[in-house]
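Encoded as structure tokens, the structure appears first; notes follow it.
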Amino acid sequence: MNNVDDFIQMLSLGTDSELELNAMKEKKVVYRKQLGRLLSQSRKNAKEVKCFYCGERCSSFCNSHSIPAYFLRNIAVEGDIYNNNKLVSLPLLDNDNGVNQSGTFQLICRECDSKIFSDYENPDNYKDVPTAKMISQIAMKNYLKSISKRKFEIALYDNMYESFGLRYELYKQKQIINNLDLKEYTEDFNRAKKIDKKGWDNEYYLIYHQKVDYVVPMAFQSNVALMIDIEGGIINDIYNDSPDYRIKAIHICVFPLENSSVIMMFIDSKDNKRYRAFYKQFRKLSVKDKLAAINYIIFNYSEDVFINKEVNDDILKHKGLIDASRKSFDVLTTNPNVDTALVGSNVDFSNMNEIPNLLLEEFKIR
């Protein structure tokens with residue numbers, strides 16, 4: 001793998017040529033080793049020397065979970081869960097991971113990790129509507145994960161440019177986007193941190209909270225930027241090139257408990273105007289369609305979903321589900337002016353009932 005074309009082929013979502021597919025399989029071992037070295041070097045380059053929360057020097061960072069390990073264990077089969085590659089089938093990535101390796105990032109020290117998320121990571125606190133403190137901690141975790149991802153991607157594109165001849169125009173555009181995102185995620189993290197420390201109420205707006213009396217076969221926690229609302233109106237305009245225009249995110253959680261599940265969705269209250277039309281439309285939906293909309297957003301906008309390994313393979317091979325999931329893996333070949341995190345821009349909610357809704361009781365684990 002000595003140029004960027006090889007790299008793109010290596011991460012291809014598929015090929016129409018059986019000959020090319022067989023050739024890729026033959027090179028898989030070599031490609032995996034080279035990819036492993038590239039990712040390892042990028043992680044090393046992205047590593048901080050200080051805890052991102054307390055600012056103290058840190059020799060050993062905590063292996064923080066983007067979704068609390070407790071929730072992941074509730075859907076694990078013999079300690080393992082599917083990641084999104086089970087759906088998109090990138091040839092050099094694994095389809096499953098152990099809970100300890102799933103959705104992890106290293107950005108804060110162990111002491112901070114054990115304290116600053118203690119309210120929202122405690123399953124006993126989900127007997128009622130989550131508190132403002134729990135919500136601010138979820139937001140903090142989401143932004144930390146996003147910061148970690150952007151730092152890694154900046155290092156990754158540096159290495160691809162230097163080692164594999166990534167086109168300068170693409171490299172430059174991607175790094176402009178990555179650095180802008182990093183700045184905005186850091187600002188949002190600092191706001192969430194301040195809200196949590198001060199104990200302020202009403203800084204986040206809980207759009208939806210539902211506790212169902214069954215365990216769903218998936219876990220999810222992330223901030224995603226919706227491009228359009230349920231009726232097709234623009235929420236985030238990815239083509240607005242004003243330096244003052246910011247992409248605004250919505251936070252979504254699917255937390256499987258021991259015998260039930262919590263599903264919720266919230267925004268920063270200062271983004272209320274941007275999302276007002278969406279949540280008003282959302283609240284008019286039936287109970288079933290609300291779950292369908294959330295399920296549709298998760299698979300169209302993010303790769304951070306984890307799935308129980310006993311879900312029927314016929315469900316996971318559903319064309320609509322695979323097509324939706326592949327949007328979040330649009331690696332390198334996307335328009336360089338559009339962040340890969342925004343690949344859900346062509347999501348049409350009229351199709352939300354055309355993919356399996358894993359949040360429904362019919363797919364429950366128990």
Side-chain angles (χ1 to χ4, degrees), residues 1 3-13 35 38-50 52 66 90 105-107 139 142-192 222-228 234-251 268 270-271 274 300-304 326-347:
M1 184 173 63
N3 61 56
V4 73
D5 292 330
D6 288 341
F7 188 85
I8 293 173
Q9 183 189 28
M10 178 188 65
L11 291 176
S12 172
L13 292 175
L35 176 62
L38 173 64
L39 299 182
S40 178
Q41 183 60 47
S42 299
R43 281 191 288 268
K44 183 178 179 181
N45 295 151
K47 189 174 182 180
E48 295 283 333
V49 296
K50 295 181 179 179
F52 203 83
S66 58
L90 294 178
F105 62 91
Q106 294 184 335
L107 202 60
N142 287 346
Y143 290 125
L144 278 174
K145 177 202 67 178
S146 296
I147 289 165
S148 178
K149 278 188 174 183
R150 284 298 178 267
K151 284 180 173 290
F152 169 75
E153 287 174 12
I154 289 169
L156 176 65
Y157 276 93
D158 282 343
N159 287 325
M160 287 173 58
Y161 176 67
E162 293 170 5
S163 301
F164 300 111
L166 182 65
R167 295 190 311 277
Y168 177 73
E169 294 79 9
L170 175 59
Y171 166 74
K172 182 179 178 182
Q173 286 296 325
K174 292 302 295 183
Q175 296 299 55
I176 289 173
I177 293 169
N178 283 334
N179 281 288
L180 179 60
D181 283 348
L182 179 58
K183 177 179 178 292
E184 293 181 353
Y185 288 145
T186 301
E187 290 172 356
D188 289 332
F189 165 74
N190 287 332
R191 172 170 161 77
S222 190
N223 49 316
V224 297
L226 298 190
M227 297 299 101
I228 59 173
I234 298 295
I235 297 177
N236 285 297
D237 182 4
I238 60 175
Y239 300 106
N240 188 322
D241 57 3
S242 168
D244 299 323
Y245 188 85
R246 285 190 59 169
I247 299 296
K248 306 291 187 180
I250 190 169
H251 300 261
D268 192 314
K270 64 184 177 59
D271 300 334
R274 186 79 63 89
N300 275 278
Y301 279 93
S302 180
E303 73 276 12
D304 295 319
R326 283 182 170 179
K327 292 176 184 177
S328 60
F329 273 97
D330 189 8
V331 182
L332 293 179
T333 55
T334 189
N335 181 336
N337 295 308
V338 179
D339 185 354
T340 51
L342 307 180
V343 293
S345 57
N346 59 345
V347 170

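Computed from a predicted model, the values in this text were never measured in an experiment.
Under the salt bridge (charged side-chain N to carboxylate O under 4.0 Å, His left out) test applied with R246, the options D188, D268, D181 reduce to a single match, D188.
Side-chain atoms of Y171 and M160, non-hydrogen and from C-beta on, never get closer than 4.5 Å to each other. Residues R191 and K270 form a side-chain contact, since some pair of their non-hydrogen atoms from C-beta on lies under 4.5 Å apart. By the 4.5 Å heavy-atom criterion applied to side chains, N45 and D158 are not counted as neighbours. With a 4.5 Å cut-off on side-chain heavy atoms, E48 and K151 count as touching. Contact check for I147 versus F105: no side-chain heavy atoms found under the 4.5 Å cut-off. In this structure, the side chains of I228 and I234 come closer than 4.5 Å at one or more pairs of heavy atoms. Counting heavy atoms from C-beta on, the side chains of S222 and K145 come closer than 4.5 Å. Contact of the Y161 side chain with the Q175 side chain is not registered, since no non-hydrogen atoms from C-beta on lie closer than 4.5 Å.
Checking N223 against S146 by side-chain atom types alone, a donor-acceptor pair falls below 3.5 Å.
The two residues S42 and A155 make their nearest non-hydrogen contact at O-CB, 3.4 Å. Nearest heavy atoms, D237 versus Y245: N-OH, 2.8 Å.
Side chain of T186 to main chain of L182: a donor-acceptor pair is present (N/O by atom type, distance under 3.5 Å, no hydrogens or angles).
Ion pairing between a basic and an acidic side chain is recognised when a charged N comes within 4.0 Å of a carboxylate O; E187 and K183 show such pairing. Comment: D304 engages K149 in a salt bridge, judged by a side-chain N to carboxylate O separation of less than 4.0 angstrom. The pair K174-E153 fails the salt-bridge criterion, with no side-chain N (NZ, NE, NH1 or NH2) lying under 4.0 Å from an Asp/Glu carboxylate O. A salt bridge does not link E184 with K248: none of the charged nitrogens is closer than 4.0 Å to a carboxylate oxygen.
From Q41, atom CD reaches atom CD of E162 across 9.5 Å, with rounding to the nearest 0.5 Å. Rounding to the nearest 0.5 angstrom, the gap separating the CG atom in N178 from the CG atom in L156 is 9.0 Å. How far CD1 of I250 is from CG of N142: 11.5 Å, rounded to the nearest 0.5 Å. In this structure, the separation between CD1 on I247 and OH on Y185 is 9.5 Å, given to the nearest 0.5 Å. Here the straight-line distance linking atom CZ of R150 with atom OG of S148 works out to 11.0 Å at 0.5 Å rounding.
Ring-centre distance between F189 and Y143: not below the 6.0 Å cut-off.
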